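Single-structure report; data block below.
Labels below follow one simple rule: chain letters A, B, ... track the order of the sequence lines, proteins then strands, and each chain is numbered from 1. Because the structure is a prediction, the values reported are computed rather than measured.
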Protein chains: 2
Amino acid sequence: MVNSIDFITGSTRKFQEIQGFLEPIVLVQKVIDLPEIQEVDARKIIEAKIIEAHKHKEVSPFIVEDTSLYLDAIPGLPGPLIKWFEEALKDAGVAQLAIQLGNTKAVARTIIAYAAPGKETIFFEGEVEGTVVMPRVSEGFGWDLIFVPDGHTKTFAEMTIEEKGALSMRGKAAQKLRDFLIT
Amino acid sequence: MVNSIDFITGSTRKFQEIQGFLEPIVLVQKVIDLPEIQEVDARKIIEAKIIEAHKHKEVSPFIVEDTSLYLDAIPGLPGPLIKWFEEALKDAGVAQLAIQLGNTKAVARTIIAYAAPGKETIFFEGEVEGTVVMPRVSEGFGWDLIFVPDGHTKTFAEMTIEEKGALSMRGKAAQKLRDFLIT
């Protein structure tokens, strides 16, 4: 069993959201800026990240992560391009887009890729269905401000990190990774 | 005056659309696959392309090109991400999106970057305003099927390559490049 793995990410928030799920395995954040290819297929993005990460020989075994948000109103989009939708339209603009199109259903999906030297990369996915709403609070990570998971009334931004982790796409993917690592 | 420049592009159609405007300067297509960064800012994309292109020492002086389509209904988008909108939604889906949002106005913008050894990169922009419409014919380059330039009734796809070139964003940028090169 591995005792420690690296998580290559510039996002301390993503690191925090995954770290707790992996105990007793120690997760170490490695801030390496991996160039991200332009793609609408999340799987291809994360595969390219793995290739880039392998160029940093000191890092292994390690994980990389990619999280996408899909709006039912524009099938297949924004997906991994959500960050650019956020940059261009802001949270309210993304929610407004879905509202204007008459369909606020959305799916959030995290892929965690685990790579160990000489082994094939393994992918763990977590998915949550929900709806997008106009922002209700002012502070939130990524698009947490506008996403309400099905069966709940709070947006991710209105939850504690533990509440969110227990039901989020990232938490689900992290739990699958842990199950794999401890067996 | 330079006699010949390279155009680094995998697109023969883009090559054809620019070639005619540069006479008597000879344009040579160099098919080099330049990795494209994930960005919603066209200028940053083309600057990254230039950096990549400089790694191919045999190529110089050269141009690279980037063309974006902006929908007024979703300010700042899709821009350079139009290719992913096309991949996910297809031509009809992109047009449908604008129609559903009640605003079919669009702007098409081409940036050509010219790089010569030891000189600063120079950028030439061409822009055309228009509207998006549902596809009327079945064959067309990129999103030519759904773009009608203002003051015209045909989509780019319904025009000859010469008709399109005379008024397109790519033709305008190419003419500015020629004016620069011959003086």
Side-chain angles (χ1 to χ4, degrees), chain A residues 10-11 33-52 55 64-107 109 132 143, chain B residues 10-11 33-52 55 64 66-107 109 132 143 146:
Chain A
S11 168
D33 190 25
L34 302 176
E36 195 164 317
I37 60 165
Q38 201 184 84
E39 242 309 328
V40 77
D41 180 335
R43 192 68 173 247
K44 287 184 184 162
I45 289 178
I46 201 157
E47 284 168 353
K49 275 190 190 179
I50 287 280
I51 290 167
E52 285 298 321
K55 294 177 184 168
V64 294
E65 183 266 19
D66 200 80
T67 295
S68 296
L69 181 69
Y70 297 86
L71 296 175
D72 280 21
I74 41 175
L77 290 176
L81 305 179
I82 179 62
K83 74 167 107 174
W84 304 113
F85 274 60
E86 289 268 306
E87 182 158 319
L89 306 178
K90 310 299 171 203
D91 290 295
V94 174
Q96 191 59 47
L97 178 64
I99 292 164
Q100 262 187 279
L101 291 169
N103 183 349
T104 59
K105 284 190 181 173
V107 178
R109 194 173 296 136
V132 294
W143 33 267
Chain B
S11 168
D33 190 25
L34 301 176
E36 194 164 318
I37 60 164
Q38 200 183 84
E39 243 309 328
V40 78
D41 180 336
R43 192 69 172 245
K44 287 184 185 163
I45 289 178
I46 201 157
E47 284 169 354
K49 274 190 189 179
I50 287 280
I51 291 167
E52 285 299 321
K55 294 178 183 169
V64 293
D66 200 80
T67 296
S68 296
L69 181 68
Y70 297 86
L71 296 175
D72 280 21
I74 41 175
L77 290 176
L81 304 179
I82 179 61
K83 75 167 111 179
W84 305 114
F85 274 59
E86 288 269 305
E87 182 158 320
L89 306 178
K90 310 298 172 204
D91 289 295
V94 174
Q96 191 58 49
L97 178 64
I99 292 164
Q100 262 187 278
L101 291 169
N103 184 349
T104 59
K105 284 191 181 173
V107 178
R109 193 173 297 137
V132 293
W143 34 266
I146 59 169

Q | Heavy-atom pair of closest approach, residues B/Val40 and A/Glu87 | A |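 For B/Val40 and A/Glu87, the tightest heavy-atom pair comes out as CG1-OE2, 3.9 Å.
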Q: Taking all heavy atoms of B/Leu81 and all of A/Gln38, pick out the closest pair and write down the distance.
A: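 Smallest heavy-atom distance, with atoms named: CD2-NE2, 4.1 Å.
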Q. From B/Leu77 CG over to A/Phe85 CZ, what is the distance, rounded to the nearest 0.5 angstrom?
A.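 Here the interatomic distance stands at 5.5 Å.
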Q: Please list, in residue-number order, every residue in residues 66-75 of chain A that has a heavy atom less than 4.5 Å from any heavy atom of chain B; write 'none' if there are none.
A: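 So the qualifying residues are A/Ile74, A/Pro75.
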Q) Among residues 95-104 of chain B, which ones touch chain A with a heavy-atom distance under 4.5 Å? A)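 Under the 4.5 Å heavy-atom cut-off, B/Leu97, B/Gln100, B/Leu101 qualify.
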